[in-house]
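Comments concern the structure below.
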Amino acid sequence: MSRYNFKETEAKWQAIWEDRKLFAVGERADKPKYYVLEMFPYPSGRIHMGHVRNYTLGDVVARYKRARGFNVLHPMGWDAFGLPAENAAIDNKIHPARWTKDNIATMRRQLKAMGLSYDWSREIATCDPEYYRHEQKMFLDFLKAGLVYRKESWVNWDPVENTVLANEQVIDGKGWRSGVVVEKRLLAQWFLKITAFTEELLRDLKTLERWPDRVRLMQEKWIGRSEGAYILFDIEDASKDEGERLEVYSTRPDTIFGATFAAIAANHPLAQKLAGKDSRLGDFIATCNRSGTSEAAIELAEKVGYETGVRIRHPFVNGKTMPLYVANFVLMEYGTGAIFGCPAHDQRDLEFARKYGIDVIPVVAPKNADAEAFAIGAEAYTDDGVLINSDFLDGLVVEDAKKAVVKRLEAAGAGRKGVNYRLRDWGVSRQRYWGCPIPVIHCAACGVVPVPERDLPVVLPDDVTLDKPGNPLERHPTWKNVPCPTCGNKARRETDTFDTFVESSWYFARFCSPDADTAFDRRSADYWLPVDQYIGGIEHAVLHLLYSRFFTRALRQCGYLGIKEPFAGLLTQGMVCHETYRDDEGRWLFPEQVERAADGTVVAKAGGKPVTIGRSEKMSKSRKNVVDPEAIINAYGADTARLFMLSDSPPDRDLDWTDAGIEGAWRYLNRLWRMVNEPKTPLAPVGAATPKSLGAGSEAAVRAVHKTVAGVSDDLDRFHFNKAIARIRELTNQLDGLDSKNPGAGRALRFGLETVVRLFGPMMPHLTEDLWHSLGHETFLANEPWPVADAAQLVEQNVTVAVQVNGKLRGTLDLPKDSDRETAETAALALGNVVAAIGGKPVRKVIVVPNRIINVVV
RNA sequence: GCGGGCGUGGCGGAAUUGGUAUACGCAGCGGACUUAAAAUCCGCUCCCUUCAUGGGUUGAGGGUUCGAGUCCCUCCGCCCGCACCA
């Protein structure tokens, strides 16, 4: 029996497509444009299965839209700056530029072996000065537009390595290389003013109709708009510092009469000031600063506080004062860095109060509760209710009480209504080498001076040493020494580089005109943008996508482009998982290190000892549950890998990689290949007219083909690739069973097979291109239009209707489509099983859903 | 800790969005072909009970409805994000 030679076939068509420049595109007026983009990869070394999945999904969309008549832009590039290159430099003594370049070469070769329909002439790498010089220009334009500023901000500091650590380099509060406890430290850093667009970023989420709801919801929560009040508390005995007041933000100003303490962040200016007179407070603040800078680390830490001895006055109760604490769970970045605590109606405040013996005064009671008897136990009461113990607020519901409090506060000059956001400005400074230099110069006389545009790009120096801790740019003997562009005196270059999220915030626009002298040609950008379909991992749901949305608005403000939203459609794909293996000593094993023994158990290839199989988890190097895409492509071909990736799970869910699954996909490819190359029924000649009369079997097959075309088109429009494949497989099963004696079988089979080949084109481009030619065609399948179903062939004459008695299925009926109520009801009540189930009881009601179901209620 | 999501046979999943649960595939079992194996082809396969009829089942429990995998509430488990990984 013949087998499909994927190696030869895939290489052949890849060469021909490339040679004919089939996927190179330009702007054109005669077709609608469609821009499909997959998140570009970080060049970490070799492609992994997550890439294969991501790029397969994108390629199906690109090829499908091309067939549907769109002028499709489908580019690829490299997110080439980042921390791993520096780690590799330290570990392997290889220059980050060299390492990155080698990795790109490897990964480009691997991607090309997948047969992806990219316009490779548009390839970009963000570490190329031709790319990042435009980013430096953007930064200067943002600076002019007031969208950039400098301020002090906290970083993770490793006191042994004398260097700043990324959150991922802090493990259990310790530096990953040094193992010593990490401290927080203040550093002057550059910030992009994303908060200038907060309301817009929030409001415009509604316009992103083709984004998953969960991503929009996550962004909404991330921006975190809340309404409340800013309240000023007088500080007792603040005689030396007249007029000093503590400002807090609260979303529950209605609970002000339940306030029994106040707390400020460890790095609140008042805490710093008080620490000057209280060394134990200083120690406490130092302890707080020993936890990491990540919100998770802060929130997960045990909640502790320090009573300062300072007391603050209640704004409405004369003579009432409350203790002021410094607490590790109050964040300086949120609100004013200060809160008032109302333990009765906030769970965290309640736990804090119980721990430090602070009073708990209920001020909101459930509507029908007995106010006298209402007490707080272990749970704070956070629902709506009626105000009690609250002077002028008593009897009001929460909403009205909030308004009443704000009114009084404003009248007393002790506060105001206010809106607050969780969103903070974007800190873009990184104390690292392998990133885009920030184009400013520090002059002792002139201050911060932007690098003049004629001096761009500020290029990274090549001659750096990465074997010592700290930023190599800082240590470089000459690079940072420059004359001040304004006064000409000796000055110092900024040695911080950009967060790599900056590069990925505008790369989609660079692809529109990758060789332009400016960041991008405005006309090209106007033609191609926004991206019609963006595809990538859910892990980018907030940061990358929000930063890109911000950047697009900032670029618009600076006149670069005219759109607000960069990505009109978004598809977030799930992870690729694999089961895990451990040997008898608990060490992880790669899948290729284990095998199934004769008795069915799984053992290690080396030594034959039994292996414990763990559940399927995200593929990761640390657990060794990875399968190398290149090995799969060498063993089965790209089309098999693509088919399996698409057929086994819907794109937004996790996918389990299994050997059995890939084997099954491979068998199917061969089956299809044989159906075309060794047909059981001789195929009608190419282009032959359809005979006047076909046998019943052939006619049914033709109808099935039309139904499949309609179904698959609909599935692909909704990204239900797994369902589309199931449908086509059903059709091939039917075509395989077509009796060759049936009149018109050869014609029906040709029509069926040609359609199957065309429908599978976007998913398995090499095999189908080859079969298309085997079927006698000389055009490129990749250039063929998408098949269209004949609407007349889709109409069913009869439908199967389910018949239930009291909601339980008792039989089915074959009825003409759109039968009227009476016909359906009469037929249903005549069914033997239905009569038996009714058992002579009176029929109360008969529900008829046309063409669907009949339910008899007795 | 906070925010978001997911949960359907031995496994991946389907279910026209409130109307016949388990399509399609994987694995398994039986058969055909073969000296034999591989490959291929045919058949069976959610669970319990039965000659048959029947009954049960969508992580667990409750609710709404003529009817719930789908909507609501409570709980359990797993996953993603938390601003210096990308």
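A, B, ... follow the sequence lines: proteins, then strands. Residue 1 opens every chain. The figures here come from the full heavy-atom set of this structure, side chains too, leaving out hydrogens, waters and symmetry mates.
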Within the 4.0 Å heavy-atom criterion, would you say [X] contacts the bases, only the backbone, or no part of the nucleic acid?
X        : result
A/Asn722 : sugar-phosphate
A/Val846 : nothing
A/Val801 : nothing
A/Arg422 : base
A/Gln169 : nothing
A/His544 : nothing
A/Thr800 : base
A/Gly537 : nothing
A/Leu83  : sugar-phosphate
A/Arg844 : nothing

Please name the nucleotide paired to [N] by Watson-Crick or G-U wobble geometry with both distances under 3.5 Å, or report none.
N     : value
B/C41 : B/G31
B/C2  : B/G81
B/U57 : none
B/U16 : none
B/G7  : B/C76

Report yes or no: is the cationic atom of A/Arg216 (NZ for Lys, CZ for Arg) under 6.0 Å from the centre of the six-membered ring of A/Trp211, at an angle within 45° of the ring normal?
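The answer is no; the distance or angle limit is not met.
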
Check the distance between [N]'s [atom2] and [X]'s [atom1] and give it to me in whole angstrom.
X        : N     : atom1 : atom2 : answer
A/Phe721 : B/A23 : CZ    : P     : 24 Å
A/Glu295 : B/G81 : CD    : C1'   : 11 Å
A/Ile298 : B/A83 : CD1   : C1'   : 11 Å
A/Asn167 : B/C85 : CG    : C1'   : 9 Å
A/Leu331 : B/G1  : CG    : C1'   : 11 Å
A/Asp659 : B/A27 : CG    : P     : 11 Å

Looking at B/C84, does its base get a donor-acceptor pair with the side chain of A/Gln431 below 3.5 Å?
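Result: at least one qualifying N/O pair found.
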
Is it the case that B/C84 (base atoms only) and A/Gln189 (side chain only) share a donor and an acceptor within less than 3.5 Å, ignoring hydrogens and angles?
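Yes, the side chain and the base share a sub-3.5 Å donor-acceptor pair.
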
Ring-plane angle category for [X] and [Y], please: parallel below 30°, perpendicular beyond 60°, tilted otherwise.
X        : Y        : result
A/Tyr4   : A/Trp673 : tilted
A/Phe550 : A/Trp426 : perpendicular
A/Tyr636 : A/Trp666 : perpendicular

Please confirm whether the shortest side-chain N or O distance from A/Asn733 to OP1 or OP2 of B/A23 is below 4.0 Å.
no

Phosphate-side-chain proximity, A/Arg667 and B/C26, N/O vs OP1/OP2 below 4.0 Å
yes

A/Asn471 and A/Thr163: CA distance, side-chain angles, deciding distance, side-chain hydrogen bond (donor to acceptor under 3.5 Å, both in side chains) verdict
CA-CA 8 Å; A/Asn471 182 355; A/Thr163 189; over 6 Å; no

Strictly below 4.0 Å, N to O, side chains only: are A/Asp736 and A/Arg671 in salt-bridge contact?
yes

